[in-house]
Structure formats: C-alpha cells, structure tokens
Amino acid sequence: MPELAEAEFFRKRWTQAARPSPTILRVHTHDAKKLFRTAPAPALRAALTDSALTASAAAGKQILFRFQRPATSVSPAIDAWLGIHLGMTGDLSVAPPAHTPRKHDHLVLYTTAHALVFADPRLFGRIQFHLGPDAPLWWAKIAPALISPSFTVAAAAAFLNRRARAPIKAVLLMQERFPGIGNWMADEILWRAAIHPAQPAGSLRPAEVKTLWRECRAVARLALATIAGRGDDLPLDLNTAIPDTWLFNHRWSDGGRCPKTKKNLSRADIGGRTTCWSPARQKLRKN
DNA sequence: AGACATGTTGCTCA
DNA sequence: ATGAGCAACATGTC
C-alpha cells in the first residue's frame, strides 16, 4: 500500500492509539525472519516490553517509533527505536487488547487499551531496531522530504542529469532523491506536469524540470492533506479519499479516461512498473 | 488458470 | 566506478 502519505497515516494511527496508555505490556513477534533481518526479535521484545511509545516520525515511506523506559532499581533505562517499512502490502492497525495474532500479524504491541498490529502478507516490509539515545543512522540518511526547503529544484535537476538516459518515471521512483514517491504518485506527478513517463530524464528542458519539481511538492502536500488524516481507525480507502479530479481513480484498469482531457488513458510497462498516462497531454518528445 | 499488485534489492551487462 | 535493466522475493485477489 504505502507511499508517503499512507506512511504518515499509519504512523498517526499507532501514535494516536498509544496516547492514553503508551506503555507496552507485551510484545508478540511472528516467526518471519525476512522482516526482522536487521532486528533480532528477542532483543526487540526485551527492549519494548514495559517501555512507553514516546515519539514517532515518518519520512518518505519509512516510519520510526521511539520507546523509552526510565531506569529502576533493578533495570537500566531503555531508549529504543522501532523502524518500519511497509513494503507493498504492509499495514499498521489497531485492535482490541485481547487480539489474537492472525497469520500475517508479524508484530503486535499490547497496551492496556489496544493491540498495535503490524501485518504484511507478502513480507516485502522491513522491521528495524536500534538502541541508544539518538535515532539510527539509516534514519538520518533519508533524503530531504519533498515538501522541505532542502528539496530544491537544483538538487532535482542535478539528479535528473545523473540519470539522464533512464525514463523519468523510473527516476521519480528513486528514494535517494524522491523519498516517498511510489508508483501512483509518480504517475500523478507526471500527469500534472504534462511530461511523458518514458521521456529520458536528461532530456527535460529547464522549464519542465521546474514544473516537475513543483508538482512533486504539490502532490506530496495534497496527498498528505487528503490521506494522512488524524490517524483514526477507519479503514484507509484511497479510492474514496482521493477525488476523481486526480489521475488516481482512473489509472488502475484499461479503459480509463483522463480527467483533464476526457481522452483515453494509456497503460504500459515503463521503468519496470505499470504506468498510466494521458497521451493527449503527455507527449513523448524525440530529440 | 493466469495475470497482476501503492516496493526494494542484488545481480548482470554496458 | 557508475548507471540501466531485470529477475527475485511471497502471497493474495481479480
């Protein structure tokens, strides 16, 4: 599921649920080695048990939760960080405190009021774990957010030049410069910017690069405003949340019409992903 | 039955 | 060394 706005939605959902009773009484981990590759489950369980969820953040498609436990006469203080990447099918939900873990519930944190559930059927997600007063190194190295002042048109232009021969669609999916953009956001951005997804990144004119940069920021802002919500526990239904004036609800199957031109949309594999665009407004330019 | 899926990574080849 | 392209990962759904 998750691109940047959904990561923020899920972060809020867990954080909100933990607000009244932040202490984790019990931790369930499912035997999914793949998910816990860099996070030894026993150490994670030991650190999180009796700790309180005290802070959280989302960056790109990554989510980070901070857990703290003050020192007592019998145990030292704990400062632990839980990183979650939701992959393609990951989901953070909130269940009653008596929740019995289901087949794909790989991590469940129990408080007095709730069970915080991480489920992921396809196991493309990642769980990371870090001990210490500072956030982990991998978190600090995530590229600047699209909506931050550090995401400049110059930085975007330089990156496009470095990836000059790759289709612009593939370049927008690169997290090292466009954190949080996934398949549907990339298509939405290119559609709004009126740039053909197969256009080589290095062939964009300066005005097009600027438009692309502006639409990256606009779509990131709009997606956050439309999707991230307040973290309530209603199911996240993007088809309902996202207006039909976006490309989003028209892109999934053959036969869709462009909301701007009313002409037929095209679909093809570009940059290794199914891509949808409006030929009437996104023209491939041969140099 | 078969195609397809909102993601990443590790491998090849240029 | 760097970049481009692709298979692989694992499971559910249409």
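Quick caveat, the model's predicted, so the values are computed rather than measured.
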Looking at every heavy atom in both A:Leu204 and A:Gln199, which two are closest together, and how far apart are they?
CD2-CG, 3.6 Å
Considering just the side-chain nitrogens and oxygens of A:Arg126, establish if one lies under 4.0 Å of OP1 or OP2 belonging to B:dT8.
no
When you measure from the side-chain N and O atoms of A:Arg163 to the phosphate of C:dA4, is any distance below 4.0 Å, counting only OP1 and OP2?
yes
Which residues pass the ring pair (Phe, Tyr, Trp, His ring centres under 6.0 Å) test with A:His104, not counting sequence neighbours?
none
With sugar-phosphate meaning primed atoms plus P, OP1 and OP2, does A:Pro200 contact a base, only sugar-phosphate, or nothing at under 4.0 Å between heavy atoms?
nothing
Give the table of side-chain donor-acceptor pairs shorter than 3.5 Å for residues 114-123 of chain A, with sequence neighbours excluded, one pair per line with atom names and distance.
residue, atom, partner, partner atom, Å
A:Asp120, OD1, A:Thr89, OG1, 2.6
A:Asp120, OD1, A:Arg122, N, 3.4
A:Asp120, OD1, A:Leu123, N, 3.3
A:Asp120, OD2, A:Phe124, N, 3.3
A:Asp120, OD2, A:Gly125, N, 2.8

Short heteroatom pairs, N/O only, protein and nucleotides 9-14 of chain C, under 3.5 Å:
residue, atom, partner, partner atom, Å
C:dA10, O4', A:Arg122, O, 3.3
C:dA10, N1, A:Arg122, NE, 2.8
C:dA10, N1, A:Arg122, NH2, 2.5
C:dA10, N3, A:Arg122, NE, 3.1
C:dG12, OP1, A:Lys103, NZ, 3.3
C:dG12, OP1, A:His104, NE2, 2.7

Please, what dot-bracket string fits DNA chain B when only Watson-Crick and G-U pairs with both distances under 3.5 Å count, crossing ones use [ ] and pairs to another strand use |?
.||||.||||||||
Sequence neighbours left out, what passes ring pair (Phe, Tyr, Trp, His ring centres under 6.0 Å) with A:His30? Give chain and number order.
A:His106
Pairs in or reaching into residues 258-268 of chain A: which pass side chain to side chain donor-acceptor pair (under 3.5 Å), with residues at least two apart or in two chains?
A:Asp254-A:Arg267, A:Arg257-A:Asn264
Can you tabulate the close N/O pairs, meaning under 3.5 Å, that link protein atoms to atoms of nucleotides 12-14 of chain B?
none

Atom CG of A:Leu238 to atom P of B:dA5: distance rounded to whole Å?
16 Å
Pairs touching residues 51-62 of chain A that satisfy side chain to side chain donor-acceptor pair (under 3.5 Å), sequence neighbours left out
A:Arg11-A:Ser56, A:Thr15-A:Ser56, A:Thr54-A:Gln68
List the residues meeting ring pair (Phe, Tyr, Trp, His ring centres under 6.0 Å) with A:Phe178, not counting sequence neighbours, and say none if there are none.
A:Phe151, A:Phe159
Output all residues satisfying ring pair (Phe, Tyr, Trp, His ring centres under 6.0 Å) with A:Trp252, sequence neighbours left out; order by chain, then residue number.
A:Phe248
Using atom types as modelled, flag every donor-acceptor pair under 3.5 Å from a side chain in residues 126-133 of chain A to any protein atom, sequence neighbours excluded.
residue, atom, partner, partner atom, Å
A:His130, NE2, A:Asp134, O, 3.1

I want to verify a distance call: between C:dG5, B:dG10, B:dG7, whose nearest atom is closest to the A:Ala166 side chain?
C:dG5
Pull out every residue in residues 268-278 of chain A that has a heavy atom closer than 4.0 Å to any atom of DNA chain B, ordered by number, or say none.
A:Arg273, A:Thr274
Would you indicate, yes or no, if B:dT8 has its OP1 or OP2 atom less than 4.0 angstrom from a side-chain nitrogen or oxygen of A:Gln175?
yes
